[in-house]
Every structure is written in C-alpha cells, then in structure tokens.
Amino acid sequence: MSHAFIYSAGTLVELETLGGYYNFGNAINDAGEVAGEARGADGAMRAFVYRNGVMKVLSLSNESFGADAFATDINNAGQVVGSAPGELPQVGWTGLAFIHTNGRTYDLSKPTSGRKGFVLTTAFGINDAGQIVGSGFRWGEPIERGFLLTPIGVSGAR
C-alpha cells in the first residue's frame with residue numbers, strides 16, 4: 001500500500017485513493033496543489049488534481065480517461081499535464097498528452113499542420129508560462145521525439 005500525502009506546518013494530510021489501494025503524487029505547486037494518479041476500486045489508474053482538500057479525477061469530454069491515466073506536473077496557475085490511453089494506431093502507440101486548465105481537459109495529441117505531423121503522446125512537465133515538455137511521434141516514424149509546446153489561447157488559473 002502506498003499513499004501520497006502533504007506535510008505542512010506539522011500536519012500530515014493523506015490523499016484519497018479513489019477506492020483502490022494506492023496513489024502517487026507526482027508534482028506539487030506553491031499553493032500545495034498536487035497532480036498524480038490514484039488506483040480506483042475497479043483497478044484502473046486515474047489522473048487527478050488535489051486542491052483545497054478535494055481530489056478531482058481528470059476527464060476529457062466528460063468521459064473518464066480510463067485505465068492507466070496519469071498527471072505528471074502542475075504549475076502555479078493550477079494547469080495540469082499528463083498522459084492517458086488513446087487510439088493512435090498510425091504510430092503504433094495508444095497514448096495521448098493532455099492539459100487540464102480552467103476546469104477543462106484538452107487532448108494535445110491531435111496532429112495539426114503547425115506541428116508538421118507531430119503527434120504528442122506524453123506531457124511530462126509544464127512551467128509557469130504554460131510551456132509544456134513531453135514526447136511524441138512524427139507520422140509514420142516509430143522513433144519517439146521530444147517537444148516543447150507553447151499553447152495559444154490555453155492559459156489562466158484553474
């Protein structure tokens with residue numbers, strides 16, 4: 001059994017497990033908000049953000065990501081990035097990168113002409129300027145590559 005916790009001013013606060021037997025806190029910001037993953041009662045790992053004493057499971061289009069989703073980082077604006085299962089058969093990968101901001105979660109894996117066929121599969125970190133680092137694939141190339149993404153129009157706190 002493994003449980004994430006926050007320790008501040010002599011107080012230990014254990015984070016929920018969503019009914020499963022463990023959770024992991026992967027990142028914490030200056031406000032004490034945590035991004036991570038927790039095992040649910042169904043055995044699936046769910047990405048979460050913990051803020052103001054409440055753990056919220058992150059979702060995309062009002063649907064849960066499903067098994068093995070994880071949140072990897074959170075910045076001081078409360079923006080969370082991570083990865084979740086998704087269908088990308090053209091690159092032989094079943095993952096998608098996401099950002100959770102302003103109460104909504106956005107799929108970053110969609111290819112665009114500006115990315116020249118680059119598909120974003122994993123978001124590892126986000127700084128206070130909203131820039132995201134991660135990895136992905138170029139269409140038709142099995143070689144994973146790193147990226148730096150500066151979203152346009154996706155900013156602001158919580």
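Note that these values count all heavy atoms, side chains included, but never hydrogens, waters or copies made by symmetry. Everything numeric here is computed off the predicted structure, so don't read it as measured data.
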> Nearest heavy-atom pair of V80 and A35: which atoms, and what distance?
Replying inline: CG1-CB, 3.9 Å

> Who passes salt bridge (charged side-chain N to carboxylate O under 4.0 Å, His left out) against D128, sequence neighbours left out?
Replying inline: none

>> Apply side-chain contact (heavy atoms from CB on, under 4.5 Å) to residues Q131 and L149 and explain how you reach the verdict.
In response: CA-CA 6 Å; Q131 295 173 306; L149 176 67; over 6 Å; no

> Which pair of non-hydrogen atoms, one from A71 and one from F48, has the smallest distance, and what is that distance?
Replying inline: CB-O, 3.8 Å

> Is there a donor-acceptor contact under 3.5 Å from the side chain of R51 to the main chain of G78?
Replying inline: yes

> Is the backbone of G136 close enough, under 3.5 Å, to the side chain of T122 for a donor and an acceptor to pair up by distance?
Replying inline: no

>> By the ring-ring contact (aromatic ring centres under 6.0 Å, His included) test, which pairs, at least two apart or in different chains, include something from residues 24-47?
In response: Y22-F24

>> Who clusters with V54? Use side-chain heavy atoms, under 4.5 angstrom, across I, L, V, M, F, W and Y, and order the result by chain and number.
In response: none

> Taking side chain as C-beta onward, heavy atoms only, is T121 less than 4.5 Å from S135?
Replying inline: yes

>> side-chain contact (heavy atoms from CB on, under 4.5 Å) for Q79 and I74? Distances and angles first, verdict last.
In response: CA-CA 5 Å; Q79 296 173 307; I74 185 168; over 6 Å; no

> Given the rule in the side-chain contact (heavy atoms from CB on, under 4.5 Å) test, do R39 and R46 qualify, once you have shown the distances and angles that lead to the verdict?
Replying inline: CA-CA 6 Å; R39 181 79 57 197; R46 306 278 190 232; over 6 Å; no

> Looking only at heavy atoms, which two atoms of A69 and E37 are closest? And how far apart?
Replying inline: O-CB, 3.7 Å

> Taking all non-hydrogen atoms of both residues, which atom of N26 and which atom of T72 are closest, and how far apart?
Replying inline: CB-O, 3.8 Å

> Does some side-chain heavy atom of L18 sit less than 4.5 Å from a side-chain heavy atom of N23?
Replying inline: no

> Residues sharing L12's hydrophobic cluster, by side-chain heavy-atom contacts under 4.5 Å among ILVMFWY, directly or via others?
Replying inline: F5, Y7

>> Under the rule for side-chain hydrogen bond (donor to acceptor under 3.5 Å, both in side chains), what residues qualify as partners of D73, not counting sequence neighbours?
In response: none

> Rounded to the nearest 0.5 Å, how far does OG1 of T105 lie from CZ of F98?
Replying inline: 6.5 Å

> What heavy-atom pair brings V81 and F124 nearest, and what distance separates the two atoms?
Replying inline: CG2-C, 4.3 Å

> Given V133 and F147, is the side-chain contact (heavy atoms from CB on, under 4.5 Å) satisfied, shown in steps?
Replying inline: CA-CA 6 Å; V133 294; F147 70 81; 5.9 Å; no

> Can you name the closest pair of heavy atoms from N127 and N75 and give their distance?
Replying inline: O-ND2, 2.9 Å

> With A97, which residues qualify under side-chain contact (heavy atoms from CB on, under 4.5 Å), at least two apart?
Replying inline: L108, L120, A123

> In Å, rounded to the nearest 0.5 Å, how long is the span from CD1 of I132 to CD1 of I126?
Replying inline: 4.5 Å

> Is there a donor-acceptor contact under 3.5 Å linking the side chains of N29 and N76?
Replying inline: no

